[in-house]
Amino acid sequence: MQNRILIFDTTLRDGEQSPGASLNIHEKLEIARQLEKLRVDIIEAGFPVSSPTQFEAVKRIAGEVNLVIAALARAREIDIKTAFEAIRDASRKRIHTFASTSDYHILGKFSDTKYGRSLKEKRQTVVKMSREAVQYACSLCGDVEFSAEDAGRTPLDYLCEVIETAIEAGATTVNIPDTTGYTLPSEFAQKISHLKQQVKNIDRVTISVHCHNDLGLAVANSLAAIEAGARQVECTINGIGERAGNASLEEIVMVLQVRKDLMHFETGVDTREIYNTSKMVSGFTGIVVQPNKAIVGENAFAHESGIHQDGVLKKRETYEIMTPEAVGIPKTKIILGRHSGRHGLRARLSELGYRLNDDELNKIYSRFTELADKKKEVFDEDLRLLMGDEIYKQNTYYELKQLQVHSGTHTIPTATVEIGLKDQVIQESATGDGPVDAVFNAIDRVVKSDYSLEMYQVRSVTSGRQAMGEVVVKIRSSGHLYAGRGVSTDIIEASAKAYLQAINSGQMEKTAVSNPPEGERLSNIV
Ligand code: KIV
Ligand code: ZN
C-alpha cells in the first residue's frame, strides 16, 4: 500500500478566511517561504478571482516558492482563468476547482430556477458544471483538483456520480471536504472506503480530504480518512480557518510520526520547522494559539505538578511522548542585547524563519535597538513580535507619529494623537472612560470612522516587568471584520498601533474593492 501522505497546506487560503485574519502580500510570501522550509507538498496560495490583492499574492508566491502552488476557483470559467493566470509562473502548479454537492448547498446556492426546477434537475446542473470546470481547467494545467463542497453531508450515490464525472473529465486529485465539520471519524472513513470501491478509475487519482473542526473532529476525521485510503490531507498551521478552523497540520503530522507503530504512513514534513511556522502564522495573523493547544501551545511541553516534573527529570518518556526539539522548540534561549549588531540580528531572524532585505533589516534594527535600550535582554519572542508588528505592515494610510495620554485616579483620561496621512500630520484630542478609550476616540476623530470595536485583547508576551505587551483589536465596518495588532513595552501605545493597523486593513480592502480585476468580484463566497 502506498504510504506517502501529501500535505496540502491551505493556511494562506482557508486559514486566511478566519475572521479578521487578513494577511498582506509580504506576510503571505514570508509564510509561503516558511512552508517551503517546512517541506509541505502543496500550498494553496489563495483564491485569485476574489480580489486584486489575492491575485497579486498568489502570483508572487507562484513566482518565488518552489512547491506545487494551488489556486482556488469556483466551477466558473472566469474563476478558473484567473486562477491559472495567477499561478502561470509556478514551476509546478495546480488549479483547484470546486462545486457544491450537498442538498443543503444545492438548494441554498442554486435556488434560481435557471439551475433547474427540482432538486434532481439542479443536481444534474452541478454534475454538468463540474465536468465543464474540470475539462476547462485541464485544458490549461496538467494538475487539476476537484472538490465536492460539503461532501460530508452529500448523499453517497450522488457523491459517487460527481466524483466519477470529475475523474472522467481529467481531475488528478479528488477532494472530499467535510465543509461543515459534521461527520464522525468512522462515518467519514466509510465514505472514503465507499468511494474507493464504487467510483470508476478512482485508483488513478489521489483521494484528498479537507476537514473542518466544528465538532473538534477535524484531525480525527483526517486520520480516519487516511486509514481508509486518502493520500492527501488539507490542513492549516495552528488549525486556523473558517469558524472553528481546519484540521491542524502539526497535529496530523505529529500523530503520523509519533504513532508510526500503528499508522504506517509518512509525510515529507521537516517537523523541526513546526514551531517557527506556528509562531510566524500566529504573529502575522494576530490569532493567538491557545496555551493548551497540542504540539504548539505554550503549555504543550510544560510540566507543572511536582510529580510530573520529578518523573520527567528522571526519565523524559515518563510524561513525554515526543521531544520539544522534534517540533523545533529550542532547548536554550538565545538572548540578544544592545551590543548585538545588524549581522547578529539578521542571523537570528533567519534562524527563526524570516528573510530580510537590507531596507527591512535597517527598519527592524532601529526598532530592535530602541527595544534593547528599554529591555536590555531581547528574546526570540520579542523579535517575532517586532516582525509581526512592524516590518511588513503596509502603513499606506494612517501612521502613529505621537501619542500623549493624561490619566490618573482623579482626572478625566485625555489623549492627544498625531497621525501621519500621506504628507500631512493631523492632531486630535479626546477624552474617554479610560486611557485606551481616550486614545481610540482621538483616533476616531482623525479618521472620521464608523468602526465599532468588537474585540480588545491585551497580553504580556515576554516575561518580566519590561515585558512587551501585545494588543489585538478587531473592529467592524459595513459588516466586515478587520484585525490589528500592536506591540510595545507601553500598552497604551500598543493599543493605538493595533487600532490604527485594523483601520489600515479596512482602508486597504476598500481600495482593493474599488479597483476590481477584470470580471466579477466575489468576496466571502467560499
Ligand atoms: O471547506 C470547503 O469545502 C472548502 C472547499 C473550497 C475545498 O474550503
Ligand atoms: Zn474549507
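Numbering of ligands and ligand atoms starts at 1, following listing order.
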| Relative to the heavy atoms of Thr179, which atoms of ligand 1 are at a distance of less than 4.0 Å? | 1 (O), 2 (C), 3 (O)
| message | Is there a polar contact between ligand 1 and Asn175, counting only N or O atoms under 3.5 Å apart? | response | no
| note | By salt bridge (charged side-chain N to carboxylate O under 4.0 Å, His left out), Glu121 pairs with (sequence neighbours left out) none
| said: Under 4.0 Å, heavy-atom basis, I'd like to know which part of Arg243 is in contact with ligand 1: side chain, backbone, both or neither. | reply: neither
| Taking both backbone and side-chain atoms of Ser147, is any N or O found less than 3.5 Å from an N or O belonging to ligand 1? | no
| message | List ligand 1 atoms under 4.0 Å from Glu149, heavy atoms only on the residue side. | response | 3 (O)
| said: Measuring from atom 8 (O) of ligand 1, which candidate in His105, Glu44, Arg13 has the nearest non-hydrogen atom? | reply: Arg13
| said: For Glu56, is there an ion pair with Lys59 - N to carboxylate O distance below 4.0 angstrom? | reply: no
| For the Zn ion (ligand 2), the closest N/O/S atom belonging to His210 | NE2
| Do Glu36 and Gln34 get their side chains close enough for a donor-acceptor pair, meaning under 3.5 Å? | no
| field | salt bridge (charged side-chain N to carboxylate O under 4.0 Å, His left out) contacts in which one or both residues fall within residues 187-215, not counting sequence neighbours | value | Asp214-Arg243
| field | ligand 1-proximal atoms of Asp14, by part, heavy-atom distance under 4.0 Å | value | side chain
| Which one holds for His212 and ligand 1: side chain close, backbone close, both close, or neither close, with close meaning a heavy atom under 4.0 Å? | side chain
| query | Which of the N/O/S atoms in Asp14 sits closest to the Zn ion (ligand 2)? | reply | OD2
| task | Would you check the N or O atoms of Glu234, main chain and side chain alike, for any that come under 3.5 Å of an N or O of ligand 1? | result | no
| field | Note, Glu16 side chain near Gln54 side chain (heavy atom, < 4.5 Å) | value | yes
| query | Any ion pair linking Arg123 and Glu161 (charged N to carboxylate O, less than 4.0 Å)? | reply | no
| field | Salt bridge Lys109-Glu149, side-chain N to carboxylate O under 4.0 Å | value | yes
| Side-chain touch Leu12/Glu44, heavy atoms, less than 4.5 angstrom | no
